[in-house]
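What follows is a set of notes on a single structure, which appears directly below.
Lettering of chains follows the sequences in order, A, B, ..., and the numbering in each one begins at 1.
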Number of protein chains: 2
Amino acid sequence: MSGRVVTLKTKTKARVRKGGGGGAGAPSVPDIVQILRERIARQDVAPGAKLGEQELAEEFAVPRTRIREVFGVLESRGLIDRIPNRGAVVSRLELDHVFHLYDVRQVLEGLCVRLATENAPPETWDEFVELFGAPMDEFVKARDFDAFIVVYERFRSRIIEWARNPVAARMLDSIYEKTNVIIRRIVILPGRAVEGLSEHRAVVAAMRAGDGETAERLKRTNLQNAKETLRRFQKYVL
Amino acid sequence: MSGRVVTLKTKTKARVRKGGGGGAGAPSVPDIVQILRERIARQDVAPGAKLGEQELAEEFAVPRTRIREVFGVLESRGLIDRIPNRGAVVSRLELDHVFHLYDVRQVLEGLCVRLATENAPPETWDEFVELFGAPMDEFVKARDFDAFIVVYERFRSRIIEWARNPVAARMLDSIYEKTNVIIRRIVILPGRAVEGLSEHRAVVAAMRAGDGETAERLKRTNLQNAKETLRRFQKYVL
DNA sequence: GATCACAAAATTGCTAACAACTTTGTTGAC
DNA sequence: GTCAACAAAGTTGTTAGCAATTTTGTGATC
């Protein structure tokens with residue numbers, strides 16, 4: 001019956017605020033979202049793993065309510081599932097969902113390839129004509145898939161940069177963050193690397209020639225083939 | 001690079017929602033997000049208008065922290081802008097942004113039209129062969145654009161339903177919620193209604209014939225034309 | 001009359017305690 | 001030995017109050 005507990009701390013813990021000696025200021029909501037997005041995309045936290053509010057709040061040294069807001073964003077992006085009173089877990093990637101993602105990725109990357117071809121000066125792509133030539137052959141021969149993928153991602157980000165369409169960029173980003181892991185498993189499938197390489201040479205050639213529509217069609221075919229390979233070997237991949 | 005890591009034990013237990021009693025349980029975060037999304041899409045709240053946390057908390061009878069979480073979601077969707085210590089305002093729709101949205105909408109609706117053609121039995125589209133015939137001519141003649149748009153939206157939602165691709169559906173949804181207002185302004189532009197109608201007759205015919213690829217191409221052309229009309233009359237629309 | 005300074009009011013952001021729920025560990029009956 | 005009831009611990013969800021910041025209103029000065 002001790003009534004309401006009133007905290008009477010007239011002694012304020014004043015001015016702990018800015019900078020202080022302490023270096024890194026507390027990360028904002030977008031900061032934390034970005035960090036967790038990367039962790040999930042890289043599978044530093046496995047699908048199905050639980051994310052604790054308190055745990056994360058301590059790690060980032062922010063109030064728990066901020067983690068809560070972060071969870072709201074992550075949930076709306078479909079990266080985590082929240083169950084009332086039980087917390088948040090990293091979403092699992094269903095097989096069907098992967099195919100849906102690939103269908104969408106197909107048309108969006110096709111669009112970006114076309115736009116990039118229209119927007120960029122043709123010389124932009126010389127770099128990739130070069131890279132997709134001998135060097136990539138070497139990577140395939142040496143089975144150096146990491147270097148292989150690095151080139152791909154460089155190409156991809158250059159395309160998105162020149163497409164100059166933030167809406168498409170954003171949507172593709174939300175696809176990549178879910179399929180990045182899959183991509184690495186597809187490249188190592190038998191024959192896929194060489195097949196994908198020759199498809200990309202065709203795409204780059206069309207872009208260099210300024211033929212956006214052909215480039216778009218070729219890019220779509222490329223992703224269609226990747227999807228087919230995935231379908232064929234699905235039991236080994238997922 | 002490890003294999004699967006975590007096994008999640010889901011013991012699904014029947015959950016009794018305790019809202020009950022007369023129905024007006026406190027709305028959840030997704031509920032409120034949905035309501036505000038609609039308000040913004042219908043321009044019940046104007047672009048640039050301020051959204052107050054306390055105000056909304058009182059209206060929905062929920063804690064202010066929940067509104068805060070809602071704002072996090074809305075911000076990540078690009079529907080509102082938040083300025084630290086100053087609150088949230090409804091995002092304004094830049095002209096450039098509208099064109100970006102239309103480029104993306106073009107390829108996504110094209111995809112859905114093709115998928116729907118492949119997935120649905122051909123008779124599905126008879127309804128629209130009929131509707132896009134005499135009835136729509138009447139609407140155009142009578143300048144009953146509301147009825148006109150209702151048919152369009154019915155067609156659109158049927159397509160998305162049969163495309164059976166939740167990823168595309170979700171993305172298109174996030175486009176519609178931003179462009180719905182624009183659409184109503186395009187239809188009333190001189191000649192656009194009849195033009196769009198004849199384009200749609202071609203699309204429906206291809207779908208009825210089971211020719212997905214042609215339908216996709218026609219749908220893309222249709223939206224391309226809509227975009228061109230918009231560009232031509234942009235000063236009257238925005 | 002216009003401008004700057006300053007204080008009051010309102011709003012956002014944060015903290016910590018509290019309540020509800022879920023999981024886990026233990027005990028006891030069959 | 002198995003299962004059910006129950007208590008303890010831990011986690012999530014909620015609430016009220018406080019701190020910090022911006023906005024608004026007022027008055028003095030030039």
Side-chain angles (χ1 to χ4, degrees), chain A residues 1-20 22 24-33 36 45 48-76 80-90, chain B residues 6-21 24-33 36 45 48-75 80-90:
Chain A
M1 186 128 355
S2 66
R4 187 162 298 282
V5 177
V6 176
T7 59
L8 48 97
K9 45 171 74 173
T10 37
K11 175 110 174 268
T12 57
K13 44 181 177 180
R15 71 209 63 170
V16 268
R17 208 67 196 118
K18 298 280 195 236
S28 70
V29 169
D31 291 339
I32 301 174
V33 167
L36 292 184
V45 290
K50 185 181 171 188
L51 298 177
E53 293 184 358
Q54 202 144 339
E55 194 184 350
L56 291 171
E58 284 172 18
E59 177 186 343
F60 292 110
V62 296
R64 198 156 61 92
T65 49
R66 196 176 290 180
I67 298 296
R68 207 146 235 289
E69 206 176 314
V70 169
F71 279 5
V73 175
L74 258 34
E75 182 184 29
S76 91
I80 64 173
D81 297 319
R82 284 169 97 183
I83 308 161
N85 291 319
R86 291 192 42 195
V89 297
V90 180
Chain B
V6 172
T7 55
L8 178 67
K9 39 188 159 176
T10 37
K11 191 190 294 183
T12 329
K13 201 166 262 189
R15 198 162 58 80
V16 180
R17 192 171 287 266
K18 77 151 113 176
S28 70
V29 169
D31 292 340
I32 301 173
V33 167
L36 292 183
V45 291
K50 185 181 171 185
L51 299 177
E53 294 184 357
Q54 203 140 334
E55 194 185 348
L56 292 171
E58 282 171 19
E59 177 185 344
F60 293 111
V62 296
R64 200 156 57 90
T65 50
R66 198 176 290 180
I67 299 296
R68 206 146 234 289
E69 206 176 313
V70 168
F71 279 5
V73 175
L74 257 35
E75 183 185 29
I80 65 174
D81 296 317
R82 285 170 96 182
I83 307 160
N85 290 319
R86 290 190 46 193
V89 299
V90 179

Note, A:R66 side chain near A:I32 side chain (heavy atom, < 4.5 Å) | yes
Scanning both residues in full, the closest heavy-atom pair of A:S76 with B:V73 reads CB-CG1, 3.6 Å
With sequence neighbours excluded, tell me which residues meet side chain to side chain contact (heavy atoms under 4.5 Å, CB included) with B:P30.
-> B:S28
Write down the distance between CD (A:E58) and P (D:dG10), rounded to a whole number of angstrom.
-> 13 Å
Is A:L56 close to A:F71 at the side-chain level, that is, under 4.5 Å between some pair of heavy atoms?
-> yes
What integer distance in Å separates B:K50:NZ from D:dT22:P?
-> 12 Å
What is the distance, rounded to the nearest whole Å, between atom CD1 of A:I83 and atom C1' of D:dG13?
-> 15 Å
Nearest-Å distance for atom pair CZ/C1', residues B:R82 and D:dT21 | 16 Å
Side chains of residues 80-88 of chain B: which donor-acceptor pairs under 3.5 Å do they make with residues two or more places apart or in other chains?
from  : atom 1 : to    : atom 2 : distance (Å)
B:D81 : OD1    : B:S91 : OG     : 3.3
B:D81 : OD2    : B:S91 : OG     : 3.3
B:R82 : NH1    : A:E69 : OE2    : 2.7
B:R82 : NH2    : A:E69 : OE2    : 3.4

Find the distance A:N85:CG to C:dT22:P and express it as a whole number of Å.
-> 5 Å
What residues 63-72 of chain B contributes to the DNA chain D interface at heavy-atom separation below 4.0 Å is B:P63, B:R64, B:T65, B:R66
Separation of atom CD in B:E55 from atom C1' in C:dT12, rounded to whole Å | 14 Å
Rounded to the nearest 0.5 Å, what separation is found between the CZ atom of A:R68 and the CD atom of A:E53?
-> 4.5 Å
Distance in angstrom units between B:E53 CD and D:dT15 C1', rounded = 15 Å
